[in-house]
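What follows is a single structure, written as structure tokens, with notes after it.
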Protein chains: 2
Amino acid sequence: MIVVTGSVTARPDSFDEVRRLSLEHVHRSRSEPGCISHAVHVDCENPLRLVFFEQWADRAALAAHFEVPASRDFVRLLQSLAAAATTIELYDAHKIERL
Amino acid sequence: MIVVTGSVTARPDSFDEVRRLSLEHVHRSRSEPGCISHAVHVDCENPLRLVFFEQWADRAALAAHFEVPASRDFVRLLQSLAAAATTIELYDAHKIERL
């Protein structure tokens with residue numbers, strides 16, 4: 001499984017729009033092939049920072065996700081609304097336990 | 001690396017206390033040996049649900065973390081304040097890319 005974490009810090013004037021677009025992206029992504037989970041959260045230590053946590057079946061599914069025109073539009077829009085560069089990190093992961 | 005995700009859903013009357021205890025736990029955990037990152041967030045789709053994302057050097061560091069008395073107290077307190085059973089998932093993970 002591929003785990004993706006990402007974050008974007010909005011500006012005070014762009015936060016509501018970044019949050020709205022992020023939720024739209026989450027909901028759309030969940031219906032894509034190979035998407036196991038996709039969610040967005042607000043950092044408790046920075047109310048302008050949104051943090052994504054995603055699980056994808058494999059690298060190919062994630063590559064296809066990145067190529068979806070709506071994904072590309074989302075990333076481009078985020079860049080124009082963010083206070084700083086966004087970050088995305090990919091992990092090759094397998095679940096070892098559920099407590 | 002071990003990635004840990006966890007979540008707890010508070011009750012409306014316990015949310016502020018759950019959030020306070022969670023941040024205290026995050027800050028304390030960051031100083032423990034083998035803790036690479038530790039953070040807590042609010043689910044954008046459920047304002048009562050807190051979601052943790054943690055990175056630990058290895059399984060031994062995480063086992064030591066679970067044995068810290070303050071960690072055990074935190075888990076016990078959360079159980080009394082949560083609206084539903086908490087979940088914790090452990091992943092064996094390695095970073096493959098940073099975009």
Side-chain angles (χ1 to χ4, degrees), chain A residues 1-10 15-16 18-27 30 36-56 58-59 62-63 65-66 71-72 75 78-79 85-99, chain B residues 1-10 15-16 18-27 30 36-56 58-59 62-63 65-66 71-72 75 78-79 85-99:
Chain A
M1 176 201 313
I2 305 294
V3 163
V4 180
T5 62
S7 77
V8 55
T9 302
F15 179 79
D16 289 349
V18 170
R19 186 180 182 283
R20 188 188 69 75
L21 289 166
S22 296
L23 278 168
E24 197 176 84
H25 178 69
V26 162
H27 295 148
R30 283 178 185 157
I36 298 164
S37 76
H38 202 301
V40 63
H41 320 82
V42 177
D43 186 345
C44 285
E45 294 172 281
N46 182 347
L48 293 176
R49 183 166 178 262
L50 289 164
V51 177
F52 294 82
F53 184 79
E54 315 170 20
Q55 295 170 306
W56 293 86
D58 52 35
R59 200 69 199 259
L62 182 62
H65 170 61
F66 284 150
S71 294
R72 300 169 72 101
V75 170
L78 273 203
Q79 282 165 349
T86 58
T87 62
I88 301 180
E89 290 183 351
L90 277 54
Y91 300 85
D92 186 12
H94 63 266
K95 196 179 290 186
I96 47 179
E97 206 169 338
R98 185 185 170 96
L99 305 178
Chain B
M1 177 201 312
I2 305 294
V3 163
V4 180
T5 62
S7 77
V8 55
T9 302
F15 179 79
D16 289 349
V18 171
R19 186 180 181 284
R20 188 189 69 74
L21 290 166
S22 296
L23 278 168
E24 197 176 84
H25 177 70
V26 162
H27 295 148
R30 284 179 185 157
I36 299 165
S37 77
H38 202 302
V40 62
H41 321 81
V42 177
D43 186 345
C44 284
E45 294 173 281
N46 182 347
L48 293 176
R49 182 167 179 260
L50 289 164
V51 176
F52 295 82
F53 183 79
E54 316 171 21
Q55 295 169 306
W56 293 86
D58 52 35
R59 199 68 198 258
L62 183 63
H65 170 62
F66 284 151
S71 293
R72 300 167 72 100
V75 170
L78 273 203
Q79 281 165 350
T86 57
T87 62
I88 300 180
E89 290 182 352
L90 277 54
Y91 300 85
D92 186 12
H94 62 268
K95 196 179 290 185
I96 46 179
E97 206 170 338
R98 183 184 171 97
L99 305 178

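Atoms considered below: every heavy atom in the structure, side chains included; atoms not considered: hydrogens, waters and symmetry mates.
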Q) Between B:V51 and chain A, which part of the residue has a heavy atom less than 4.5 Å away: side chain, backbone, both or neither? A) side chain
(Q) Rounded at 0.5 Å granularity, tell me how far CD in B:E97 sits from CG in A:L62. (A) 9.0 Å
(Q) So for B:S22, is it side chain, backbone, both, or neither that comes closer than 4.5 Å to the heavy atoms of chain A? (A) neither
Q: Give the minimum heavy-atom separation between A:F53 and B:T5, together with the two atoms involved.
A: CZ-CG2, 3.4 Å
Q: Pick whichever of A:R49, A:H41, A:R19 has the most heavy-atom pairs under 4.5 Å with chain B.
A: A:H41
Q: Go through the atoms of B:L23 and report whether side chain, backbone, both or neither lie under 4.5 Å from a heavy atom of chain A.
A: side chain
Q: Heavy-atom distances under 4.5 Å only: say whether B:F52 touches chain A with side chain, backbone, both or neither.
A: neither
Q: Specify the closest pair of heavy atoms between B:D43 and A:V40, including all atoms of both residues, with the distance to one decimal.
A: OD1-O, 3.8 Å
